[in-house]
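Just below is one structure, and these are the notes that go with it.
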Protein chains: 2
Amino acid sequence: MRVSGNGVTIYSVAERAGVSIATVSRVLQDSGVVSERARRQVLEAVEELDYVPSGAARSLAVRQHDTYGLLLPELSGPYYSELLVGFETRAGELGRGVMLLLGGARDLAKPFSTLASRVDAICVFGGLAAHIGRSTRPVVVVAGGAPPGVEAITAENVDSAHELTDHLLAHGRTRLLFVGDTTAAPDVLERYEGFTQAHEDRGLRAAEPVHVEFRERDGIVVAERLLAGDLAADGLVCCNDEVALAIMARLTDAGMDVPDDVAVVGWDDVMTARVRPGLTTVRQPVHQLGALAADRLHELVGGAPPRATRHVLPTELVIRGSCGCEEHADRPRRSHPQTYLSTPPPRK
Amino acid sequence: MRVSGNGVTIYSVAERAGVSIATVSRVLQDSGVVSERARRQVLEAVEELDYVPSGAARSLAVRQHDTYGLLLPELSGPYYSELLVGFETRAGELGRGVMLLLGGARDLAKPFSTLASRVDAICVFGGLAAHIGRSTRPVVVVAGGAPPGVEAITAENVDSAHELTDHLLAHGRTRLLFVGDTTAAPDVLERYEGFTQAHEDRGLRAAEPVHVEFRERDGIVVAERLLAGDLAADGLVCCNDEVALAIMARLTDAGMDVPDDVAVVGWDDVMTARVRPGLTTVRQPVHQLGALAADRLHELVGGAPPRATRHVLPTELVIRGSCGCEEHADRPRRSHPQTYLSTPPPRK
DNA sequence: TTGTAAGCGTTATCAT
DNA sequence: ATGATAACGCTTACAA
């Protein structure tokens, strides 16, 4: 039994149109020269037979899948979605399809190699970089460290964190806590580095990070610990906005004032749930990250050599009220331009 | 130039292992019987050569892509993400890959047929159902109406909307507005139907829907119109939580009280941004929607006949404070079980 | 247990 | 302008 497709092949079409399969292919690929008459007949036959070409056969013949893979750990929150959208959009512009693989809990070994067998190149999210067995296919790692020889694209982290932290310290905050699991993602570790450096630059010593996941509920736990006196701080630098917002909400509910009692800042500039005080945060060019990844895969597949240095995208510090500033214009305050290798700076 | 892959084929492996390609295939597919010795040698050769099989060649040979397609309009907010995760997860469990196509603004005709040529079956999001040209491949439409002969899966809408609306009317609200673009998605239209019916059941006449998009900013516009007196209402039934939350935030900012001045209810039960008052909303089994879609595609590809009736998943009304109720336990109040065709009710 | 060989449905190179 | 025909890399009877 033919389980998929309708059994209509290029042969059926050729026969019906009264031409050879070569002509059918020419018409469909719009390659070579075909008489108007032949073209019409082919198109007609295609229509009548509901012909759907076999992507597999084509890929085999042209030795290219025209598809890029994307490996993400999950899809909660706006971060991954935006990355995915950026990637898919650019891939689409390049005429490439996208195969998605979500990390989740499952063992990725087999799914990953299956993916590798179906695509021309793969974009891997930072935390999952370990899954790249000598992948044979071109790979770029996004938002995280890559093994030697593998290209990496990331948003600037250290400097942004430095500035964000320093901003809090400049507000006179003395007991800052970094909230985020530095072991979970390379990005988070870099942010903690910036956090530490900012302290050191002022002759202070940064506290150990408070390890939590990225999710909202994890923020609540931190808030509870703060309320219980288990944790003490007058400023919180959170690994992302969701955690920051959750903490703010819980703290405010319990009668504490943000930023008076404790300043809270985050990362990502999530546009949802605009709150008061507005959340001071670092805006990342997530969409561009995805788009750039797709671009690079395309170039790598095209034969370009992998880049030796990481490609770092600039971020913007967005000052609102949660850091202790008077809430003013909702605009980015400063940006962190980075070395651009060959790609022009992303534009909004 | 060989642009993709490393040129290592099953032949290279066979040669290196000193066996035939049939044996290599047997080892890799774990089919047929192979001597331990041959197996070891093949595996060794695979390792040494960094062999990555060609998915295309395999698909061509087995006449199956082992991949399902998913067509979504976009990825903003948690709704689509959850749907996607549900779909991808189940597909993964079934050993199938997922190709994603995002609607966006671009013309979908070509991307869609390309997609069709690369997958065994496609899941199409409701609003995009029009893009299914006699697709030849099995298709299921999720969250929306499907052309005759095409299977559809959706969450219950009319009854939920009816109950939600009636709940507001029972609170003594008299000027209810439905906020959402009924022309954009069939789901929204169904909700408006329930909205209308609830009015009619009480001998009232429902107002025309206020057409807005799904996004947050669209909610703000509505709030502005309300504040400006351009719109008058003491209760708002919003097409999703993002719009509802945005409206609530803007209204509250401007000094209005929710729910005293105006009740606001939504749809989706977005867990982010838990606010006060808590948002009364309808919880949809979005993850299951995606998972069920993958399941059905799998069965269709396996030769099962398409279902004639729509497969409707139950929703839960979640009563919190934004409807005017005293804020009590954060639990679903009632559910809308529907006819189950063959799939057991989704469980949390 | 292993190998040979015939597909699978395209593209692309030659002739014609 | 069109048609044979040889790849493309794999799976799978069928033989051995």
Side-chain angles (χ1 to χ4, degrees), chain A residues 1-42 45-46 49-66 113-114 116-118 120 136-137, chain B residues 1-42 45-46 49 51-66 113-114 116-120 136-137:
Chain A
M1 176 197 61
R2 171 167 277 112
V3 287
S4 138
N6 52 3
V8 178
T9 74
I10 198 171
Y11 288 97
S12 338
V13 175
E15 187 178 3
R16 173 121 189 181
V19 299
S20 75
I21 60 167
T23 298
V24 175
S25 182
R26 287 189 192 103
V27 171
L28 265 27
Q29 302 303 316
D30 205 46
S31 67
V33 266
V34 188
S35 71
E36 201 38 58
R37 180 164 170 286
R39 155 167 284 110
R40 236 199 1 265
Q41 287 178 317
V42 167
V46 165
L49 296 174
D50 279 340
Y51 170 59
V52 178
S54 159
R58 162 165 233 280
S59 296
L60 181 55
V62 302
R63 311 162 98 174
Q64 192 143 328
H65 296 92
D66 288 347
S113 54
T114 304
S117 79
R118 299 196 216 277
D120 300 321
T136 262
R137 310 260 185 236
Chain B
M1 175 198 62
R2 172 167 276 111
V3 287
S4 137
N6 52 3
V8 179
T9 73
I10 197 171
Y11 289 98
S12 340
V13 175
E15 186 177 4
R16 173 120 187 182
V19 300
S20 75
I21 60 167
T23 297
V24 174
S25 180
R26 288 189 191 105
V27 171
L28 265 28
Q29 302 304 317
D30 205 45
S31 66
V33 267
V34 188
S35 70
E36 201 40 57
R37 180 164 171 286
R39 155 166 284 111
R40 235 196 1 265
Q41 287 179 318
V42 167
V46 164
L49 297 174
Y51 170 59
V52 178
S54 158
R58 163 165 234 280
S59 297
L60 181 55
V62 303
R63 313 164 96 173
Q64 191 143 329
H65 296 92
D66 289 346
S113 54
T114 304
S117 79
R118 296 195 217 278
V119 302
D120 300 320
T136 261
R137 309 261 186 234

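Here is how names work: the chains are called A, B, and so on, in the same order as the sequence lines, proteins then strands, and each is numbered from 1. Since this is a predicted model, take the numbers as computed values, not measurements.
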Is any side-chain heavy atom of [X] less than 4.5 Å from a side-chain heavy atom of [Y]?
X	Y	value
V8(A)	D50(A)	no
R118(B)	D66(A)	yes
V46(B)	V27(B)	no

- What is the nucleic acid contact for S25(B), judged by heavy atoms within less than 4.0 Å: base, sugar-phosphate only, or nothing? base
- With heavy atoms under 4.0 Å as the rule, sort V19(A) into base, sugar-phosphate or nothing. sugar-phosphate
Selected nucleotide, minimal atom distance to [X] side chain, candidates [options]:
X	options	result
S54(A)	dC10(D), dG3(D), dG9(C)	dG9(C)
A61(B)	dG3(D), dG9(D), dT11(C)	dG9(D)
L60(B)	dT11(C), dG9(D), dT10(C)	dG9(D)
R26(A)	dT10(C), dC10(D), dT13(C)	dT13(C)

Atom pair distance, as rounded to whole Å: [atom1] in [X] and [atom2] in [N]:
X	N	atom1	atom2	result
I10(B)	dT11(D)	CD1	C1'	8 Å
Q64(A)	dC8(D)	CD	C1'	13 Å
Y11(A)	dT5(D)	OH	P	11 Å
E15(A)	dA4(D)	CD	P	12 Å
R40(A)	dA1(D)	CZ	P	15 Å
D120(A)	dC8(D)	CG	P	17 Å
H65(B)	dC8(C)	NE2	C1'	11 Å
D66(A)	dT10(C)	CG	C1'	13 Å

- Near-strand residues of residues 28-38 of chain B, defined as heavy-atom separation under 4.0 angstrom from DNA chain D: Q29(B)
Hey, is the side chain of [X] poking within less than 4.0 Å of OP1 or OP2 on [N], counting only N and O atoms?
X	N	answer
T9(B)	dG9(D)	no
Y51(A)	dT10(C)	yes
S59(A)	dT10(C)	no

- Would you mind telling me which residue lines up with the more 5' stretch of DNA chain C, A57(B) or G18(B), judged by nearest nucleotide? G18(B)
Identify all side-chain donor-acceptor contacts of residues 15-24 of chain B below 3.5 Å with residues at least two apart in sequence or on another chain.
unit_1 : atom_1 : unit_2 : atom_2 : d
R16(B) : NE     : E48(B) : OE1    : 2.7
R16(B) : NH2    : E48(B) : OE1    : 2.6
S20(B) : OG     : A22(B) : N      : 3.3
S20(B) : OG     : T23(B) : N      : 3.4

- Terminal axes of the helix from dT1(C)-dA16(D) to dT16(C)-dA1(D) (5 end pairs apiece), angle rounded to 10 degrees, sit apart by 40°
- Message: Please report the interatomic distance CG(L49(B)) to OG1(T9(B)), rounded to the nearest 0.5 Å.
- Response: 9.5 Å
- Task: Report the residues that fulfil side chain to side chain contact (heavy atoms under 4.5 Å, CB included) with A61(A), sequence neighbours left out, ordered by chain and then residue number.
- Result: none
- Side-chain (D120(A)) to main-chain (Q64(A)) donor-acceptor, under 3.5 angstrom: no
- Message: Whether the side chain of H65(B) engages the backbone of S117(B) through a donor-acceptor N/O pair (distance < 3.5 Å, no angle test) should be reported.
- Response: yes
- Under the side chain to side chain donor-acceptor pair (under 3.5 Å) rule, collect the residues that match up with R58(B), sequence neighbours excluded. Q29(B)
For residues 33-41 of chain A, dump all side-chain donor-acceptor pairs below 3.5 Å to protein atoms at least two apart in sequence or in another chain.
unit_1 : atom_1 : unit_2 : atom_2 : d
S35(A) : OG     : A38(A) : N      : 3.1
R39(A) : NH2    : D30(A) : OD1    : 3.3

